[in-house]
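All remarks here apply to the structure that follows.
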Amino acid sequence: MTAPSMRGAAPDCAAARAAAATVNAANNDTRTGALWHRLLSFMTRDDTTGAGVSVRTRFAPSPTGYLHIGGVRTALFNWLFARRHGGQFILRIDDTDRQRNLEEALQPILDGFRWLGLDWDEGPEVEGPHAPYFQSACHARHREAVERLLAGGHAYRDYATAGEIQAEREASQRDKVRFIYSRRWMAETPAQAAAFEAEGRTAVVRLKMPRDGVCAFDDLVRGPVEFEWALEQDHVVQRADGTCLYHLASAVDDHHFRITHVIRAVEHLSNTPRQIFIARGLGYELPAYAHLPYVAEPGGAEKLSKRKLDTYLQHPDFRKLHEHGARIMEAQGKPVGSASFNPLVVAFYRAVGYRPEALLNYLLLLGWSLDDRTEMFTTAEMIERFTLERVNKSAASFDPPKLLAFEERYMQRLPLAARAAAAVPFLRRNGALPESPSPADLDRVSLVVGAAGERLKVAGDILNYLEFFRPDDAFPYDEKAFTKRIRAAGAADRLGRFRTVLETVDPFDAATLHDVMQRFIAAEEIAIGRIIHAVRVAVTGKAVGFGLFEGLEILGREACLARIDRALARLGAETECA
RNA sequence: GUCCCCAUCGUCCAGAGGCCUAGGAUCUAGCCCUUUCAAGGCUAAGACACGGGUUCGAAUCCCGUUGGGGACGCCA
């Protein structure tokens, strides 16, 4: 028996589908995507409350060792949809190719999810009623499915060699038609199989795709979609050695895990007919499908690929993002050449000190929006407001400056104590703070973080202010600034006179220091610029920084005097030599 | 090559035939403030890909063109 031609969608899916089809028939002149969307999302909502059918979504990473930024966006939408409907979010590991170090390849992915706060109801480590959650542990289930497909006439054993298939494929190319297998080496009876085997051939199992009709289904993002069955290939679902291929495993496992909504990237859209064919052949109820647009490369339209890091580094915005991170890593003595130090991978943002909620918020808006102005979403708000109907159809390119803008906003709304706490680990890794910082150390961090204000965009930016955590005689000078501000004629003498003033300032706080400075320039009859920069370079070694008087106050009188002395001594040594 | 999809400022989004002189964010530029700065404030510039329809009226609906992208594995 051959598979039924499926004109007019899968009859066994949700009521939503049937209802939508009715509406379509009644409105065949105005079947707008919007109408569909409203209806489908309404029905979806209804499913969860009415029938008590729990929404179950899944994200199925293969254990590669990295959590890709585009993958996280897909995972986020799955997670939000499940949470929005009070359902479950499942993590399934697609490791059909046996991994050598599964543990090693999986842990960074789970860490990434945990860091972002995307919790899973079933999956690795938390387990659940449908365990195991590793595809490689489900071979028996997959093989049994193949047997049923074979028995039902939805698949056949094929004895063609790779070379023979290749020849047919090339012939199709020449004729400029889509490759469709001739089924010349198809064996549907034991006798045929025996004949081929007598020739020494071995068999794979192929899907016996319909050769007429269309596969129609309603995508929750894209609306009604149709594919001609005749253009689908007889895909291989099982190799000669008995191992099963991805699409078979995926359809079978989605059913096994009771997935109700398959939400994944568009590149799977054209794979959907074969999965529907498998699912129907096995008598499954079909899940609803939602195909998300992919995340495109910075400044481009192509799909973001983590292998193209070098190309993206040519893009100025992306390079800035990378360099910013690299400075922070280097200040911690960490290598920047490693594969995970890559802005296409979630671990990068954690390592540099981004807020996970900022990344999430940015990713949320990459392909989805609530309206024309709401941009900031707490996790609770995302869950409350997220709908698939408002997901965009077109690809969105990854824009580093905008991500940073969100990061800044999130950092700024954090209370001072939280920002300081986030900065501490960076200082510790740099060695600027001991393993167990004293209360005084922590006060100092808090003061610097407060003074730095909006200059502290990511937690790792604290490493721009290391001079506040170094001994008075052990921070470097910006040579250019030193020359301009201290080696300049008369600068050292003025600095010396200001030093004398500092000896008696009381109290030694920013406001008083500011007054003292004003009186000093009045007495000297100079513009403030003639002295303030010299003080900044002497005390911090740098030409730029946050408010100077706050800086002086944080350092305290003794440190300021010692630092000015050190700068003057340095200059003195130079002139003696000359 | 075949099939499918997409199309509003540089980028991310809003837009459901009249609320559009197209809105917000980001980026960019200018000005202001300031001791510096990747700080802050204010202002500005910047888009409906093109061509046909339908309609009293189109960014919005239809067709075509162009452009971009994806899928075409015994990968996942």
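Numbered from 1 within each chain, the chains take letters A, B, ... in sequence-line order.
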Can you figure out which of B/G40, B/C12, B/A71 approaches the side chain of A/Glu267 most closely?
B/A71

Checking A/His268 against A/Ser250: is there a side-chain donor and acceptor pair closer than 3.5 Å?
no

Do NZ/NE/NH1/NH2 and the carboxylate oxygens of A/Asp461 and A/Arg455 come within less than 4.0 Å?
no

Starting at CZ of A/Phe377 and ending at P of B/C13, how long is that distance when rounded to a whole Å?
13 Å

Identified side-chain hydrogen bond (donor to acceptor under 3.5 Å, both in side chains) counterpart of A/Arg274 within the set A/Gln233, A/Glu232, A/His235:
A/His235

No-hydrogen, no-angle side-chain donor-acceptor test under 3.5 Å, A/Arg487 and A/Thr483:
yes

Can you tell me, in whole Å, how much space there is between the C1' of B/C50 and that of B/G68?
15 Å

Partners meeting side chain to side chain contact (heavy atoms under 4.5 Å, CB included) with A/Leu502 (sequence neighbours left out)
A/Phe498, A/Val505, A/Phe508, A/Leu513, A/Cys560, A/Leu561, A/Ile564

Could you give the CZ-to-P distance, from A/Phe398 to B/C13, as a whole number of Å?
13 Å

With salt bridge (charged side-chain N to carboxylate O under 4.0 Å, His left out) as the test, would you mind laying out the steps for A/Arg409 and A/Glu357 before giving the verdict?
CA-CA 11 Å; A/Arg409 295 187 210 168; A/Glu357 53 274 31; over 6 Å; no

Check every strand shown and say whether A/Arg409 touches a base, only sugar-phosphate, or nothing at a heavy-atom separation below 4.0 Å.
sugar-phosphate

Mind checking if A/His247 touches a base, just sugar-phosphate, or nothing, with heavy atoms under 4.0 Å?
base

Inspect the contact between A/Arg563 and A/Glu467 and indicate whether a charged nitrogen and a carboxylate oxygen are less than 4.0 angstrom apart.
no

Could you check whether A/His268 and the base of B/A71 form a stacked pair, meaning centres closer than 5.5 Å and planes differing by less than 30°?
no

Identify which nucleotide among B/C74, B/G69, B/C12 has an atom closest to any side-chain atom of A/Ala396, counting heavy atoms from C-beta outward.
B/C12

Apply salt bridge (charged side-chain N to carboxylate O under 4.0 Å, His left out) to residues A/Arg157 and A/Glu197 and explain how you reach the verdict.
CA-CA 11 Å; A/Arg157 291 192 197 283; A/Glu197 276 164 27; over 6 Å; no

Any N or O donor-acceptor pair under 3.5 Å from the base of B/A16 to the side chain of A/Arg390?
no

For RNA chain B, determine which residues of residues 535-550 of chain A have any heavy atom closer than 4.0 angstrom to one of its atoms, and list them numerically.
A/Arg536, A/Ala543, A/Val544, A/Gly545, A/Phe546, A/Gly547, A/Leu548, A/Phe549

Heavy atoms from C-beta onward define the side chain here; which of B/A14, B/G10, B/C74 lies closest to that of A/Arg206?
B/C74

Could you give the distance separating B/U11 and B/G53 at their C1' atoms, to the nearest angstrom?
33 Å

Salt bridge or not between A/Lys208 and A/Asp158? Use side-chain N to carboxylate O under 4.0 Å.
no

Separation of the P atoms in B/A45 and B/G30, to the nearest angstrom:
15 Å

Taking the same atom, P, in B/G24 and in B/C42, what whole-Å distance lies between them?
14 Å

Tell me if the NZ atom of A/Lys484 is crowded by more than 12 foreign heavy atoms within 6.0 Å.
no

If you only use heavy atoms from C-beta on, which nucleotide in B/A14, B/U35, B/A25 is closest to the side chain of A/His533?
B/U35

Taken to the nearest whole Å, CG/A/Leu321 to C1'/B/A38 is 14 Å

Give, ordered by number, those residues of residues 155-183 of chain A having at least one heavy-atom distance below 4.0 Å to an atom of RNA chain B; if nothing qualifies, reply none.
A/Ala160, A/Arg169, A/Lys176, A/Arg178

Inter-nucleotide C1' distance (B/A25, B/G15), Å rounded:
16 Å

Using a 6.0 Å distance limit plus a 45 degree cone around the ring axis, check whether A/Arg206 lies over the aromatic ring of A/Tyr181.
yes

Taking the side chain of A/Asp372 as its heavy atoms from C-beta onward, which of B/G69, B/G23, B/C27 lies nearest to it?
B/G23

Measure from CG on A/Asp253 to P on B/A76 and round the result to the nearest Å.
12 Å

Nearest-nucleotide pick for A/Arg373, side chain only, options being B/C4, B/G23, B/C13:
B/G23

Do A/Tyr354 and A/Tyr410 have ring centroids that are under 6.0 Å from one another?
no

Does a nitrogen or oxygen in the side chain of A/Ser397 sit under 4.0 Å from OP1 or OP2 of B/U11?
no

Provide, to the nearest angstrom, the distance between the CG atom belonging to A/Asp94 and the P atom belonging to B/A76.
9 Å

Using the P atom in both, what is the distance from B/G41 to B/C48, to the nearest Å?
30 Å

Compare the minimum distances between each of B/U11, B/A7, B/C75 and the side chain of A/Leu245, then state the nucleotide with the smallest one.
B/C75

Contacts of type side-chain hydrogen bond (donor to acceptor under 3.5 Å, both in side chains), residue A/Asp241, not counting sequence neighbours:
A/Thr243

Indicate whether OP1 or OP2 belonging to B/G70 is found under 4.0 Å from a side-chain N or O atom of A/Arg222.
no

What interatomic distance, in whole Å, is found between P of B/G57 and the corresponding atom of B/C3?
37 Å

Let me know the distance between CG of A/Leu248 and C1' of B/G73, rounded to the nearest Å.
15 Å

B/C56 to B/G17 separation - C1' atoms, rounded to the nearest Å:
12 Å

Can you measure A/Leu269 atom CG to B/G69 atom P for me and round it to whole angstrom units?
18 Å

Could you please name the option among B/U26, B/A76, B/C13 that lies closest to any side-chain atom of A/Tyr246?
B/A76

Can a side chain N or O of A/Asn392 be found less than 4.0 Å away from OP1 or OP2 on B/A14?
yes

A/Asp94/A/Arg92 salt bridge by N-O under 4.0 Å criterion:
yes

Side-chain donor-acceptor pair under 3.5 Å between A/Gln166 and A/Glu170, yes or no?
yes

Would you jot down, in residue-number order, the residues of residues 231-238 of chain A having a non-hydrogen atom under 4.0 Å from RNA chain B?
A/Leu231, A/Gln233, A/Val236

ring-ring contact (aromatic ring centres under 6.0 Å, His included) assessment of A/Phe468 paired with A/Phe475:
CA-CA 9 Å; A/Phe468 288 93; A/Phe475 60 89; 9.2 Å; no

Just to verify, which of A/Arg519, A/Arg497, A/Arg530 counts as forming a side-chain hydrogen bond (donor to acceptor under 3.5 Å, both in side chains) with A/Glu524?
A/Arg497

Closest to the A/Asn271 side chain, choosing from B/C74, B/C13, B/A71
B/A71

Which part of the nucleic acid does A/Arg530 contact within heavy-atom distance under 4.0 Å: base, sugar-phosphate only, or nothing?
nothing

Kindly state which residues belonging to residues 449-461 of chain A come within less than 4.0 angstrom of RNA chain B, counting heavy atoms of the residue only, listed by number.
A/Glu454, A/Arg455, A/Lys457

